[in-house]
Amino acid sequence: MVGLKPSEVPPTTAVKFLGAGTAACFADLLTFPLDTAKVRLQIQGENQATQAAQRPQYRGVLGTILTMVRTEGPRSPYNGLVAGLHRQMSFASIRIGLYDSVKQFYTPKGSDHSSITTRILAGCTTGAMAVSCAQPTDVVKIRFQASIHLGAGSNRKYSGTMDAYRTIAREEGVRGLWKDNFPCHFISAFGAGFCATVVASPVDVVKTRYMNSPPGQYRSPLDCMLKLVIHEGPTAFYKGFTPSFLRLGTWNVVMFVTYEQLKRAFMKVQVLRESPF
């Protein structure tokens, strides 16, 4: 059998929490350029009059990444990585790491199995908790991914990740870090595979546009959606579909395989520490 043998001792909540966050960070490191390409394609076409002379045009997943590397340097596909890792440590740790504990909390005493209602309730609870905690990190991540710097003369709005948190809070208020996209993230969080990408892509595009927008550009996510349809047509809802689908599938495979191995590794270390000499 490849990998570590599973321990007979069930993993603790702390192991699940830390393992889920660490595994999610590892998955993000491998798939982050796809996420950045998705964001660039999703915002392409917004404010067309001012973008025509300033921004390069992106075509396809590979074309977008290559254009970024050519015009902005080899590190550009990883713009916002620090905020992305912050997001995974907060979002995945809660949504995945605490799921079993919350499910057990909702399961009636004496019951051997959790009903589908209990599982849905546990998923909704951990999803809502994760979104609430990770929202500021997602806003900052998208701002960095959407930011284009063409040469030394370009003005960088944020000097670093922590500066971005402070600047957004100062210029847009603390609520700027929690832009109202709960339905967007909620739908995206519970999706998986191709079907999830089809369903979540319009919401994800609106989320990206809304999070990246300066104060006053859109009155609400609904206003953002309506302007998107009016100015760019319904097909704009599927901008960045291919990188989104590729990243979602790859991310889930890497994350859950790594998560299982980390849980086994952590529990093996714990058993060795507790065993008598």
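Computed over heavy atoms, backbone and side chain alike; hydrogens, waters and symmetry mates excluded. Treat the numbers as computed from the prediction; the structure is a model and nothing was measured.
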Drop me the distance from [X]'s [atom1] to [Y]'s [atom2], to the nearest 0.5 angstrom.
{"X": "L81", "Y": "T36", "atom1": "CG", "atom2": "OG1", "value": "8.5 Å"}
{"X": "M211", "Y": "Q145", "atom1": "CE", "atom2": "CD", "value": "11.0 Å"}
{"X": "D138", "Y": "H86", "atom1": "CG", "atom2": "NE2", "value": "13.5 Å"}
{"X": "T137", "Y": "M89", "atom1": "OG1", "atom2": "CE", "value": "11.5 Å"}
{"X": "L41", "Y": "Q44", "atom1": "CG", "atom2": "CD", "value": "6.0 Å"}
{"X": "T126", "Y": "Y99", "atom1": "OG1", "atom2": "OH", "value": "7.5 Å"}

Do [X] and [Y] come close enough that some side-chain heavy atom pair is under 4.5 Å?
{"X": "V140", "Y": "Q135", "answer": "no"}
{"X": "S93", "Y": "L18", "answer": "no"}
{"X": "D204", "Y": "K38", "answer": "yes"}
{"X": "Y158", "Y": "I168", "answer": "yes"}
{"X": "I142", "Y": "K207", "answer": "yes"}
{"X": "C133", "Y": "I94", "answer": "yes"}

- Query: Do we see a donor-acceptor contact under 3.5 Å between the side chains of S220 and Y210?
  - Reply: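 Per modelled atom types, S220 and Y210 side chains form no pair under 3.5 Å.
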- Are T125 and Y106 close enough, and set up right, to give a side-chain contact (heavy atoms from CB on, under 4.5 Å), and what steps lead you there? CA-CA 10 Å; T125 300; Y106 285 130; 3.0 Å; yes
- Query: Is there a side-chain contact (heavy atoms from CB on, under 4.5 Å) between K141 and D35 once you walk through the steps?
  - Reply: CA-CA 10 Å; K141 177 181 76 75; D35 192 38; 2.7 Å; yes
Under 3.5 Å, side chain of [X] to main-chain N/O of [Y], donor-acceptor pair present?
{"X": "T208", "Y": "V39", "value": "no"}
{"X": "S76", "Y": "E72", "value": "no"}
{"X": "S147", "Y": "R143", "value": "no"}
{"X": "R209", "Y": "C224", "value": "no"}

- Residues two or more places apart in sequence or in another chain: which of them pass side-chain contact (heavy atoms from CB on, under 4.5 Å) with L226?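 Only L222 meet the side-chain contact (heavy atoms from CB on, under 4.5 Å) criterion with L226.
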Is there a path of hydrophobic side-chain contacts, each under 4.5 Å between heavy atoms, that joins [X] and [Y]?
{"X": "M68", "Y": "L66", "value": "no"}
{"X": "M162", "Y": "V139", "value": "yes"}
{"X": "F17", "Y": "M129", "value": "yes"}

- Message: For D100, give me all partners under salt bridge (charged side-chain N to carboxylate O under 4.0 Å, His left out), at least two apart in sequence or on another chain.
- Response: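 Counting only residues at least two positions away or on another chain, D100 forms a salt bridge (charged side-chain N to carboxylate O under 4.0 Å, His left out) with K16, K103.
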- Message: Set out, in order, the CA-CA distance, both residues' side-chain angles and the distance that settles side chain to side chain donor-acceptor pair (under 3.5 Å) for T118 and T107, then state yes or no.
- Response: CA-CA 6 Å; T118 299; T107 303; 5.0 Å; no
- Query: Is R95 positioned over the aromatic face of F91, cation under 6.0 angstrom from the ring centre and no more than 45 degrees off axis?
  - Reply: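 R95 over F91 ring: no.
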- Task: Please determine if K227 and E232 form a salt bridge, counting it only when a charged side-chain N lies under 4.0 Å from a carboxylate O.
- Result: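 Salt bridge flag = no for E232 with K227.
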- Query: What do the steps show when you test V205 against Y238 for side-chain contact (heavy atoms from CB on, under 4.5 Å), and what is the final call?
  - Reply: CA-CA 7 Å; V205 172; Y238 287 92; over 6 Å; no
- Inspect the surroundings of CD in Q104 and state if more than 12 heavy atoms from other residues, nucleotides or ligands are less than 6.0 Å away.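 Count not over threshold, so no.
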For residues 26-33, tabulate all N or O donor-acceptor pairs below 3.5 Å that involve a side-chain atom, not counting sequence neighbours.
from	atom 1	to	atom 2	distance (Å)
D28	OD1	Q88	NE2	3.4
D28	OD1	R247	NH2	2.4
D28	OD1	W251	NE1	3.4
T31	OG1	A27	O	2.9

